[in-house]
Amino acid sequence: MLIRPGPRDLRIIGFYLGKVATGLSLMMLVPAGLAIVLREWNSATALAAGAGICIAFGQLSEWRLATSEPLRAAHGTVIVALAWLVGSVLAAVPLYLSGHVADLLDAWFEAMSGLTTSGLSVVQDLDHMSYSMSFYRHLTHFVGGQGVVIVVLAIMTAGGGAGTLYVAEGREERIVPNIIRTARFIFAIAGAYLIVGTAAILAALERDGLGGWRGFGHAINLFFAAFDTGGFAPTSQSIAYYHSVGLESVIMVLMVAGTVSFALHYQLWLGRTGQLLRDLEVRSLTLTVVAATVLAMLGLASTGAYTDASGLYRKGFFTILSAHSGTGFAVNSGALIVTDWGALAPAAIVGAMALGGMAGSTAGGIKAMRIGLTVKGVQHDLRRVLHPSSSLVVTTYHSGRRRILRDATARAATTVLLLYILTYLAGAAVALAYGSYEFTEALFESVSAAANVGLSVGIVSPDMPVGLQLTYIVQMWLGRLEFVAAFALIGYLIALVRGRT
Amino acid sequence: VTPSRRSDEGVPTDQARRDERSTIGVWSGLRGILSVAVASAALAGLAWLLAVGVALMFPSVP
């Protein structure tokens, strides 16, 4: 029987949610300042109103709920699960007031998609969105990619509960023992890539004739979307708008950087490049990317969609990397994938989206580590069957260091893998229930939402059914939290009603 | 024996403490970014070779 949470527990949760709201106000004040400089008054008003609501929420919780009570693991998990829900609702306010979405639900969908680095979009007339609002939209990728709670930790140093919140947000082990230093190191990586990546994108855009401040605006937005494996783009045609091989090359490097775990970044920054060859996740990810690329290219060539090496590389490899890294940038119309690319190439893309990037990165999906551990687990079981019963079978893998595969580790990886597959199928089933979509389209869009990718074949649009839209919002939330925090929240709510006092 | 980053009880080990004291500066950052860029280039090169191979397999498709 669960223990019913008391008023003190709810006070702690409310207090920390207030801190998250205050942190989110900064995410709106920066583009609000830009809007004022650019004299985009409508956007400035929308962003200031959003920031004002966040600050009011934060101050109210500070005033009424301030507490110095220690944060327990259960609190941390519930706070994180609620932070993504409350945070996305608050982040939706400026988008709603911008006039680029039809209603509040569309604004919430867009904000959830931005913060979870999914990149599915229901914005209307994107090509005429103001610079500041477009910047805000892409900034949600950056804040969500680093982790909403991590942002608060890094900026506000949220006291003794930092470690609890960090773990609850689904991060792997701390990169360095001190949690605040870990959060700040994550920002140091992002900051370094921000400078180098934006400069590289700007150089590629300049070369193709999109320079100056306009080019810089595109560059910084594309950086946020690429490095944080988000997928929003400043134009409705995504990366296809630019027709630039140079840009696509820079974006590919940034997508790879985004899908690399922060722990591996840390090892590389320390000069331990040998980790790239030994790490289980790197091996697993490389193998699945190569396999999906081969399948996609074979599919594209066999249907005659693209038969020259350049077309296969630019459409096939880029799309697979975009799908596998969880970015969701498109180099062609999404509808073409199901109408002109046959069956094999879309299947390879769905597979790549489902698998996702590395654990502890900004990428979504099942994660390369879980795939690697599941394969190792099967391998371990086979070896145990084939060896004499008296022999001691030990299976090891490399992740930062050499580790022994425990049954519990392999079991946990397989469980989450199955939960992802169930979520993918459930989303597809909801879409199929509307009777307007083919199975391929329904599965494609469902996997894209739950794995936080953002590629779309056209189901996600401003006029999509409300029930399906809510399903995708829940899928994006579940996928980003990797289930644990979401299930803990459900358990907490049940305990509130039926728990023992 | 490779020193572990963390004992079973979750206590940071000497290796982890040394890592924390390691200086992360501009040059180490550039080295890290360069490592990722080189790895990406290697992956892109492999993908290009695969594209050439697949294109050669389907020469007659219009």
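Fair warning: this is a prediction, and the values are worked out from it, not measured in the lab. In what follows, chains are A, B, ... by sequence order, proteins preceding strands, each numbered from 1. Atoms considered below: every heavy atom in the structure, side chains included; atoms not considered: hydrogens, waters and symmetry mates.
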Quick one: closest heavy-atom pair of B:Ala55 and A:Ala309, and the distance?
CB-N, 3.7 Å
Once rounded to the nearest 0.5 Å, what's the spacing between atom CG of B:Leu43 and atom CG of A:Leu321?
6.5 Å
Chain A interface, residue from B:Gly32, B:Ala39, B:Gly53 that has the most non-hydrogen pairs under 4.5 Å:
B:Gly32
Student check: side-chain heavy atoms of B:Arg31 and A:Leu268 closer than 4.5 Å:
no
Smallest separation among heavy atoms of B:Ser35 and A:Leu276, with atom names
O-CD1, 4.2 Å
Interface moiety of B:Ala37 toward chain A, non-hydrogen atoms closer than 4.5 Å:
both
Rounded to the nearest 0.5 Å, how far does CH2 of B:Trp48 lie from CG of A:Leu312?
9.0 Å
Check each atom of A:Val196 against the heavy atoms of chain B and say whether the ones under 4.5 Å are side chain, backbone, both or neither.
side chain
Looking at every non-hydrogen atom in both residues, tell me the closest pair between B:Ser28 and A:Trp269 and how far apart they are.
CB-O, 3.1 Å
Could you tell me which of A:Val290, A:Leu298, A:Thr286 has the largest number of non-hydrogen atom pairs under 4.5 Å with chain B?
A:Leu298
Compare every heavy atom of A:His265 with every heavy atom of B:Val36, then report the nearest pair and how far apart it is.
CG2-CE1, 4.0 Å
Using heavy-atom distances under 4.5 Å, tell me whether A:Val282 contacts chain B through its side chain, its backbone, both, or neither.
neither
